[in-house]
Amino acid sequence: MSRLDDELAEAVDAIESGHPVPVAVTAPPRPPAPKRNLALLAALLVMGGGILTLVLTSFNDSAVYSKNVDELLAERSRLEDRAVRVTGVLVKGTLVHRDQPCEYRFKMSKNGAVLDVRYAQCVVPDTFRDMPGMDVEVTAEGKLTEGGGFEADQIMAKCPSKYEMKDRENHGEKAPHTAVSEAERPSGS
């Protein structure tokens, strides 16, 4: 028999004879404090804090502020070295294209404020044209220059709505992107 069976038999004999049975109650042994888990938790907290700090500090550099021309000029000192998206209307007669080096220069306005823009690339949207009798809404992304202008990296022009175009077509005008001849169109578009 096993030792457990022997102990059980002795306990039954003791109870039947009326003698008190000494019972030894022992708690199961506790495992030692897990130092590994604390070290792992500390390492995870340090890594999480580092990632959070990196994200929060790099966000300011990658944020693109979206402003109208008048707002941008009013906040010029605060936004000088930051990426900005500026929206306005192309000032009629100011769009100039040069082939060597390839660039576009124009002025944008909004609420009476005017901004000089330089776009040093050859390809622009088809809707980016100076059309008589039609306001072209322009959005440019880039940075303010020290000289007071705006250096654009990207240009977007809003196409007039289909309702505006229906009215203009009834009066014999064409959409900006259809009014450009193939000879005027920059290569690659």
Side-chain angles (χ1 to χ4, degrees), residues 50-189:
I51 290 171
L52 184 63
T53 302
L54 181 64
V55 167
L56 292 177
T57 58
S58 66
F59 179 72
N60 288 338
D61 296 335
S62 64
V64 175
Y65 293 89
S66 185
K67 302 285 183 183
N68 290 326
V69 173
D70 56 331
E71 296 169 338
L72 177 70
L73 294 176
E75 299 178 37
R76 173 179 292 283
S77 60
R78 187 174 73 85
L79 300 173
E80 222 165 46
D81 292 327
R82 299 189 182 194
V84 180
R85 179 179 295 150
V86 62
T87 303
V89 176
L90 177 66
V91 175
K92 301 234 179 278
T94 63
L95 180 60
V96 179
H97 175 250
R98 181 169 67 172
D99 287 327
Q100 292 298 330
C102 196
E103 72 176 4
Y104 285 86
R105 290 183 184 246
F106 58 95
K107 293 184 180 197
M108 295 172 61
S109 69
K110 186 77 169 197
N111 298 328
V114 179
L115 177 67
D116 290 328
V117 180
R118 179 179 175 266
Y119 179 63
Q121 294 187 26
C122 296
V123 180
V124 294
D126 288 341
T127 55
F128 184 62
R129 299 285 178 240
D130 194 356
M131 296 296 296
M134 190 180 300
D135 288 337
V136 178
E137 288 186 40
V138 180
T139 301
E141 287 186 14
K143 291 186 177 185
L144 287 165
T145 62
E146 291 179 15
F150 189 79
E151 187 72 31
D153 299 327
Q154 184 176 5
I155 298 288
M156 296 167 274
K158 182 180 175 190
C159 185
S161 75
K162 66 181 181 180
Y163 303 109
E164 276 182 59
M165 292 316 307
K166 278 286 188 201
D167 186 44
R168 294 189 183 282
E169 286 173 2
N170 291 339
H171 292 92
E173 293 181 43
K174 293 190 175 217
H177 56 281
T178 60
V180 178
S181 69
E182 288 301 318
E184 294 176 13
R185 190 177 305 262
S187 62
S189 60

Distance-minimising heavy-atom pair for [X] and [Y]:
| X | Y | answer |
| --- | --- | --- |
| M108 | T87 | CE-C, 3.7 Å |
| R129 | D126 | CG-O, 3.5 Å |
| I155 | A140 | CD1-CB, 3.8 Å |

| request: Report the residues that fulfil salt bridge (Lys or Arg N to Asp or Glu O under 4.0 Å) with K67, sequence neighbours left out, ordered by chain and then residue number. | output: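 Per chain and number, K67 pairs via salt bridge (Lys or Arg N to Asp or Glu O under 4.0 Å) with E75.
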Could you check if a side-chain atom of [X] sits within less than 4.5 angstrom of a side-chain atom of [Y], using non-hydrogen atoms only?
| X | Y | value |
| --- | --- | --- |
| H97 | C102 | yes |
| E141 | M156 | yes |
| T127 | V136 | no |
| R85 | T139 | yes |
| Y104 | V124 | yes |

| message | Tell me whether S109 contacts the main-chain N or O of V91 through its side chain, where contact means a donor paired with an acceptor under 3.5 Å. | response |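 No, the answer is negative, given that no donor and acceptor are paired below the 3.5 Å cut-off.
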Side-chain donor-acceptor pairs of residues 112-119 under 3.5 Å, sequence neighbours excluded:
unit_1: R118; atom_1: NE; unit_2: E103; atom_2: OE1; d: 2.6
unit_1: R118; atom_1: NH1; unit_2: E151; atom_2: OE1; d: 3.2
unit_1: R118; atom_1: NH1; unit_2: E151; atom_2: OE2; d: 2.5
unit_1: R118; atom_1: NH2; unit_2: E103; atom_2: OE1; d: 3.2
unit_1: Y119; atom_1: OH; unit_2: Q121; atom_2: OE1; d: 3.3
unit_1: Y119; atom_1: OH; unit_2: V123; atom_2: O; d: 3.3

| Contacts of type side chain to side chain donor-acceptor pair (under 3.5 Å), residue N68, not counting sequence neighbours |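 Residues passing side chain to side chain donor-acceptor pair (under 3.5 Å) with N68: none at all.
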| query | Where does the angle between the aromatic ring planes of F106 and F128 fall among parallel (under 30°), tilted (30 to 60°) and perpendicular (over 60°)? | reply |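 Ring orientation of F106 relative to F128: perpendicular.
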| Pairs touching residues 68-97 that satisfy disulfide (SG to SG under 2.5 Å), sequence neighbours left out |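 Not a single pair qualifies under disulfide (SG to SG under 2.5 Å).
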| field | Residues forming a side chain to side chain contact (heavy atoms under 4.5 Å, CB included) with K143, sequence neighbours excluded | value |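 Scan of K143 (side chain to side chain contact (heavy atoms under 4.5 Å, CB included), adjacent residues dropped) gives none.
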| With sequence neighbours left out, what residues match D130 under side chain to side chain contact (heavy atoms under 4.5 Å, CB included)? |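 With sequence neighbours excluded, D130 shows a side chain to side chain contact (heavy atoms under 4.5 Å, CB included) to L90, K92, L95, given in chain and number order.
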Distance in Å, [X] [atom1] paired with [Y] [atom2], rounded so as to fall on 0.5 Å steps:
| X | Y | atom1 | atom2 | value |
| --- | --- | --- | --- | --- |
| C122 | D99 | SG | CG | 7.5 Å |
| R76 | F150 | CZ | CZ | 10.0 Å |
| R78 | L72 | CZ | CG | 10.0 Å |

